[in-house]
Enquirer: 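Below are the C-alpha cells for one structure; questions will follow.
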Amino acid sequence: MTPSELSQILLEKTQQWLTENGHTEIQLEEIALERPKSRDHGDWATTIALKIAGSIGTNPRDLGGKLAELFSGIPGVEEASVAGPGFINIRLDASNLGAVAKQIVDAGSDYGTLQINSSKRINVEYVSANPTGPMHIGHARWAALGDSIARVLEASGADVTTEFYINDAGKQMDLFGESILAATLGEDAPEGGYKGEYVTDLANRIKNAGTDLAALPREEAIIAARESGYALQLGDLQKVLGDFRARFDVWFSERTLHAKDASGNSKISEAVETLREQGHVFEEDGATWVRTTDFGDDKDRVITRGNGIYTYFAADAAYYLDKKARGYSEKIYLLGADHHGYVHRLKAIAGAAGDDPNTDLSCIVGQLVTLRGSRLSKRAGNIVEMKDAIDDIGVDSLRYWLARYPADSPIDLDADTLTSNSNENPVFYVQYAHARTNAVARKAQESGIDGSLFSPETLNHETENALLGELQQYPLIVEIAAKWREPHRIARYLEQLAGAYHRWYDATRVVPSSAEPIESVHHSRLVLNSAAGQVLKNGLNLLGVSAPEKM
RNA sequence: GCGCCCAUAGCUCAAUGGAUAGAGCAACAGACUUCUAAUCUGUAGGUUGCAGGUUCGAGUCCUGCUGGGCGCACCA
C-alpha cells in the first residue's frame with residue numbers, strides 16, 4: 001500500500017464518518033500524511049483530527065480516538081492510535097511495509113513519477129547570461145537549480161520546456177564588438193566596455209579564423225567583431241552548459257523580438273499595441289509608459305523612450321507575450337537577487353496581458369553565491385568561471401553542491417571546497433550508497449540469492465523498517481519538491497535515505513557469511529537492496545547527478 | 001528613504017503550521033579474518049537575532065525593532 005493509497009482510504013473513512021455523524025457541511029479534499037520524526041510513533045501520522053475538531057465542536061483528542069479506531073480496521077494497518085493533542089499514528093503491518101520493496105523494483109525508473117501536474121505546460125527560463133562574456137560560478141547555481149526544477153516538474157507529470165533568453169540586441173552587444181576590436185588593435189577598451197583576457201582570446205580566435213578586423217572600415221569592423229564574438233561566446237556558453245547537463249530546449253534570441261516584418265512591425269511593437277489595446281499604456285513627457293503600478297509595481301515604467309527607442313522593458317514584455325502565445329500555462333523565471341526588482345515588472349506585464357500574475361507566472365529569486373563571505377567581483381579578482389569550477393570539482397559534485405540548498409539561501413563557497421574532491425561533499429555519501437547496492441547485488445547473484453523468492457514479512461529488522469519507511473516516502477518528496485519548486489528537498493532526502501541504507505547494510509547481511517545458510521530473509525533483502533538502489537538512482541537523476549555502479 | 005531576501009549548534013546548513021529543532025564538518029571514544037570503512041556506533045554541542053501578536057500548537061504566519069545581502073534609470 002502506497003502512502004497515497006493509504007491517504008485515499010483514510011479520506012473515505014473520515015468523510016464517511018463525518019456524514020454518518022451529521023457533519024455533511026465538511027468536505028475534505030485530502031488527508032495529508034506526514035512522517036513522524038520519532039520512529040516510535042509509527043510509519044505515518046495525520047493531524048486531521050486536530051484540523052477539523054474545532055469546526056465540528058468536539059475536542060481533537062476524542063475525535064482522534066474515534067478515527068483511530070476506524071483506521072485500525074483497514075487491511076494492512078497493524079495499529080492506529082491517538083497520541084498527544086490529537087495526532088493519529090498509523091503503523092503498517094510488516095508484510096505490507098515489506099511489499100513496498102518489490103513494488104519499487106517493479107516500478108523501476110517510474111517509481112516517484114506522478115501525474116499531479118499532467119495537465120500543465122510549463123516554461124522554465126533560467127541562466128539567460130549575456131553572450132558577452134564567460135559564465136561564472138553564480139550562473140552554475142542557476143543552471144543546476146533550473147535544470148533540476150525542470151526535471152522535478154517533469155517527474156510530477158508536467159510538460160516542460162526549458163529556455164535560455166539571449167540578450168543579443170542593444171548597446172551592450174555594440175560595446176562587446178567595440179571591445180573585441182579594441183583588443184585586436186591593441187587599444188584600450190571603450191568606456192564601459194568589456195575587459196579581461198577572454199576579450200583578447202576572442203580577438204585572437206577571430207583573427208585565426210581568417211577575419212582581419214583591422215583591415216575593415218571601423219563601422220564594419222565593429223559589426224564583424226560583434227557578430228563573430230557573439231557566435232564564439234554563445235558557442236562557449238552552450239558547450240559549458242551542455243557539459244553541465246543543463247538542458248535548454250529553446251535558445252531564444254532577443255533579436256527576433258526586434259526584427260521587423262514586411263509591414264514594419266516587430267514583436268515588440270505588437271506587444272506595445274497589445275498593451276495599449278488593453279488600456280495600460282499612456283503618453284507623458286514625450287515617452288510611452290505602462291501603468292505597471294496598477295499591478296503592484298512601485299512606479300510606472302517607460303516602454304518607448306522620448307527618442308523613439310524601445311526600452312529593455314519593451315523586449316521583456318514582448319518576450320512574455322510570446323511565451324503566452326506559445327501556450328504555456330505557467331512561465332517560471334529564475335532570477336538572481338540582483339534582478340529581483342524585475343519581479344513587479346514581470347507581474348505587471350502578466351497582469352496587463354490578462355494573465356493571473358500569481359498563477360500564470362512565478363519568479364524564483366535566488367540569493368547569490370559568495371566566496372568566503374565576499375561577493376564575486378571582477379575588481380576583487382575572485383570571479384570563478386563556471387568552466388573552471390566544472391574542471392576543478394566535476395559536474396556531479398558541483399551540481400549536487402549547488403542544488404542542495406534552497407534558492408533563497410546564500411551559498412558561501414570557500415576555495416578548498418571548490419578545488420578539493422573532499423568527503424565534505426555529501427554527494428559522495430549518496431553515490432557511495434548507490435555503488436554499494438550494486439556491489440551487494442553482484443555478490444548476491446554470485447551466491448545464488450534469488451529475489452524472486454521474495455517474502456515481505458521477513459523484512460522485520462529495525463533498520464529494515466526504517467529503510468522501507470524512507471523508500472516509501474520518495475513520491476511524497478517528489479510531490480513537495482515539485483509543488484514548491486525546491487529540488488534541494490530531493491538532495492536532503494537522498495542523504496537521509498543513504499544514511500538509512502548504510503545503517504541497514506551495517507546491521508544486516510544480504511549475503512550470509514560462509515558459515516550461515518541462505519534463508520528466506522536473504523532473498524527478500526536482495527529485493528530491498530535493489531529497491532534502495534533504484535530510489536537513489538531515480539533521485540540523483542532528478543538532480544542531474546550520475547549514479548555510479550562502482551566507486 | 002522605499003522594496004525584496006536572510007538571521008537556527010563553534011563552522012556550513014536542514015526542518016509541509018505539528019510531537020523531544022536535525023545532518024555534515026570540527027572535537028573526543030569505539031567498530032573491518034565476513035556483501036565496498038568514501039561506512040557504522042557512541043559522547044558533547046541550542047532561550048531558533050530581540051519584543052509583541054495570531055493559533056489547540058510557531059524556527060515556520062502577522063507587526064515592530066536590530067544586524068547583514070540585494071535592488072530602487074527615458075541603462076542593458
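Since we're looking at a predicted model, the values are computed, not measured. Proteins get letters first, then strands, A, B, ... in listed order; numbering begins at 1 in each.
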Enquirer: Does B/A44 have a Watson-Crick or wobble mate here (both distances under 3.5 Å), and if so which one?
Expert: none
Enquirer: Using the 3.5 Å cut-off, write out each protein N or O paired with an N or O of nucleotides 40-49 of chain B and the distance between them.
Expert:
residue : atom : partner  : partner atom : Å
B/C40   : OP1  : A/Tyr429 : OH           : 2.4
B/C40   : O2'  : A/Asp506 : OD2          : 2.6

Enquirer: Please list, for nucleotides 54-62 of chain B, all pairs of protein and nucleotide N/O atoms separated by less than 3.5 Å.
Expert:
none

Enquirer: When you match A/Thr47 and A/Ala441 each to their closest nucleotide on RNA chain B, which lands nearer the 5' end?
Expert: A/Thr47
Enquirer: Pick one for B/C32: is it syn, with its angle within 90° of 0, or anti?
Expert: syn
Enquirer: OP1 or OP2 of B/C2 sitting under 4.0 Å from any side-chain N/O of A/Lys299?
Expert: no
Enquirer: Once you apply a heavy-atom cut-off of 4.0 Å, does A/Arg509 come out as touching a base, just sugar-phosphate, or nothing?
Expert: base
Enquirer: For B/A26, what is the paired nucleotide under Watson-Crick or G-U wobble rules, both distances under 3.5 Å?
Expert: none
Enquirer: Report the nucleotide, chosen from B/C74, B/U34, B/C13, that has the shortest atom-to-atom distance to any side-chain atom of A/Ser513.
Expert: B/U34
Enquirer: By the 4.0 Å heavy-atom rule, please label A/Pro512 as base, sugar-phosphate, or nothing.
Expert: nothing
Enquirer: Within 45 degrees of the axis of the six-membered ring of A/Trp289 and under 6.0 Å from its centre: does A/Arg301 put its NZ or CZ there?
Expert: no
Enquirer: Find the partner of B/G17: check Watson-Crick (N1-N3 plus N6-O4 or O6-N4) and G-U wobble (N1-O2, O6-N3) distances, both under 3.5 Å, and reply none if neither fits.
Expert: none
Enquirer: Does the base of B/A38 carry an N or O that pairs as donor and acceptor with the side chain of A/Asn425 under 3.5 Å?
Expert: no
Enquirer: In whole angstroms, how far is the P atom of B/U16 from the CD atom of A/Glu30?
Expert: 16 Å
Enquirer: How would you label the contact of A/Asp285 with the nucleic acid (heavy atoms, under 4.0 Å): base, sugar-phosphate, or nothing?
Expert: base
Enquirer: Look at the side chain of A/Asn89 and the backbone N and O of A/Ser81, then say whether any donor-acceptor pair between them is shorter than 3.5 Å.
Expert: no
Enquirer: Pick base, sugar-phosphate or nothing for A/Ile88, based on heavy-atom distances below 4.0 Å to the nucleic acid.
Expert: nothing
Enquirer: Kindly state whether the pair A/Phe87 / B/A19 counts as stacked, where counting means centroids closer than 5.5 Å and planes tilted less than 30° apart.
Expert: yes
Enquirer: Can you confirm whether A/Leu10 sits close enough to A/Ile48 that some side-chain heavy atom of one is under 4.5 Å from a side-chain heavy atom of the other?
Expert: no
Enquirer: With the side chain of A/His340 defined as its heavy atoms from C-beta on, choose the nearest nucleotide among B/A73, B/U16, B/C4.
Expert: B/C4
Enquirer: Side chain of A/Arg492, heavy atoms from C-beta onward: which of B/A14, B/A37, B/U16 has the nearest atom to it?
Expert: B/A14
Enquirer: For the side chain of A/Asn59 and the backbone of A/Asp62, is there at least one donor-acceptor N/O pair under 3.5 Å apart?
Expert: yes
Enquirer: Heavy atoms from C-beta onward define the side chain here; which of B/C35, B/C5, B/C13 lies closest to that of A/Gln367?
Expert: B/C5
Enquirer: Are A/Arg291 and A/Phe282 in a cation-pi contact, defined as NZ or CZ under 6.0 Å from the six-membered ring centre and within 45° of the axis?
Expert: yes
Enquirer: Hey, which of A/Leu459, A/Val535, A/Thr508, A/Leu497 is the one that makes side chain to side chain contact (heavy atoms under 4.5 Å, CB included) with A/Leu467?
Expert: A/Leu497
Enquirer: Considering only side-chain heavy atoms of A/Leu476, which listed nucleotide, B/U16, B/A15, B/U34, is closest?
Expert: B/U16
Enquirer: Does the ring of A/His339 meet both stacking tests against the six-membered base ring of B/G71: centre distance under 5.5 Å and plane angle under 30°?
Expert: no
Enquirer: Does A/Ser409 place a side-chain N or O at less than 4.0 Å from the phosphate oxygens OP1/OP2 of B/A14?
Expert: yes
Enquirer: Measure the distance from CH2 on A/Trp504 to P on B/U39 and round it to the nearest whole Å.
Expert: 18 Å
Enquirer: Counting only Watson-Crick or G-U wobble pairs whose two distances fall under 3.5 Å, which nucleotide matches B/G59?
Expert: none
Enquirer: Applying a 3.5 Å limit to both distances, which nucleotide forms a Watson-Crick or G-U wobble pair with B/C72?
Expert: B/G1
Enquirer: Using the side-chain heavy atoms of A/Ala83, tell me which of these nucleotides is nearest: B/G3, B/A19, B/U16.
Expert: B/A19
Enquirer: What class does the angle between the rings of A/Tyr319 and A/Tyr165 fall in, given that below 30° is parallel, 30 to 60° is tilted and above 60° is perpendicular?
Expert: parallel
Enquirer: For A/His434 and B/A38, give me the distance from atom NE2 to atom P, rounded to whole Å.
Expert: 18 Å
Enquirer: Closest heavy-atom contact between A/Pro85 and A/Leu50?
Expert: O-CD2, 3.7 Å
Enquirer: Please give, in whole Å, the distance from B/C75 C1' to A/Arg301 CZ?
Expert: 13 Å
Enquirer: So A/Ala444, base contact, sugar-phosphate only, or nothing? Heavy-atom distance under 4.0 Å.
Expert: nothing
Enquirer: Under 3.5 Å for both donor-acceptor distances, Watson-Crick or wobble: does B/A9 have a partner, and if so which one?
Expert: none
Enquirer: Take the protein atom CG of A/Leu335 and the nucleotide atom P of B/C72, then report the distance between them rounded to whole Å.
Expert: 13 Å
Enquirer: Donor-acceptor pair, distance only, cut-off 3.5 Å: does the side chain of A/His502 make one with the backbone of A/Gly499?
Expert: no
Enquirer: Between B/C75 and A/Arg305, is there an OP1 or OP2 to side-chain N/O distance shorter than 4.0 Å?
Expert: yes
Enquirer: Whole angstrom is fine here: how far is it from CG in A/Asp174 over to P in B/C75?
Expert: 15 Å
Enquirer: Which of parallel (below 30°), tilted (30 to 60°) and perpendicular (above 60°) describes A/Trp401 and A/Tyr405?
Expert: perpendicular
Enquirer: Tell me whether the OP1 or OP2 atom of B/A15 has a side-chain N or O from A/His488 closer than 4.0 Å.
Expert: yes
Enquirer: Which nucleotide in the set B/U36, B/A38, B/U16 lies at the smallest distance from any side-chain heavy atom of A/Phe428?
Expert: B/A38
Enquirer: Please lay out, stage by stage, how A/Val199 and A/Phe176 fare under the test side-chain contact (heavy atoms from CB on, under 4.5 Å).
Expert: CA-CA 9 Å; A/Val199 178; A/Phe176 180 53; 5.7 Å; no
Enquirer: Using a 4.0 Å heavy-atom cut-off across all strands, classify A/Thr437 as base, sugar-phosphate, or nothing.
Expert: nothing
Enquirer: Ring of A/Tyr310, cation from A/Arg305 - is the NZ or CZ under 6.0 Å from the centre and inside 45° of the axis?
Expert: no
Enquirer: Please check: side-chain N/O of A/Arg61 versus main-chain N/O of A/Gly84, any donor-acceptor pairing under 3.5 Å?
Expert: yes
Enquirer: When you match A/Asp408 and A/Ala32 each to their closest nucleotide on RNA chain B, which lands nearer the 5' end?
Expert: A/Asp408
Enquirer: Hey, does A/Gln172 reach any base, or is it just sugar-phosphate, or nothing, if we go heavy atoms under 4.0 Å?
Expert: sugar-phosphate
Enquirer: In whole angstrom, what separates A/Lys347's NZ from B/C4's P?
Expert: 13 Å
Enquirer: Kindly compute the distance separating OG (A/Ser447) from CZ (A/Arg442), expressed to the nearest 0.5 Å.
Expert: 12.5 Å
Enquirer: For A/Asn89, which contact category applies under a 4.0 Å heavy-atom criterion: base, sugar-phosphate, or nothing?
Expert: base
Enquirer: With no angle test and no hydrogens, is the base of B/U36 tied to the side chain of A/Tyr432 by a donor-acceptor pair under 3.5 Å?
Expert: yes
Enquirer: Grab the NE2-C1' distance between A/His344 and B/C2 for me, whole Å please.
Expert: 11 Å
Enquirer: Please classify the nucleic acid contact of A/Ala169 as base, sugar-phosphate, or nothing, using heavy-atom distances under 4.0 Å.
Expert: sugar-phosphate
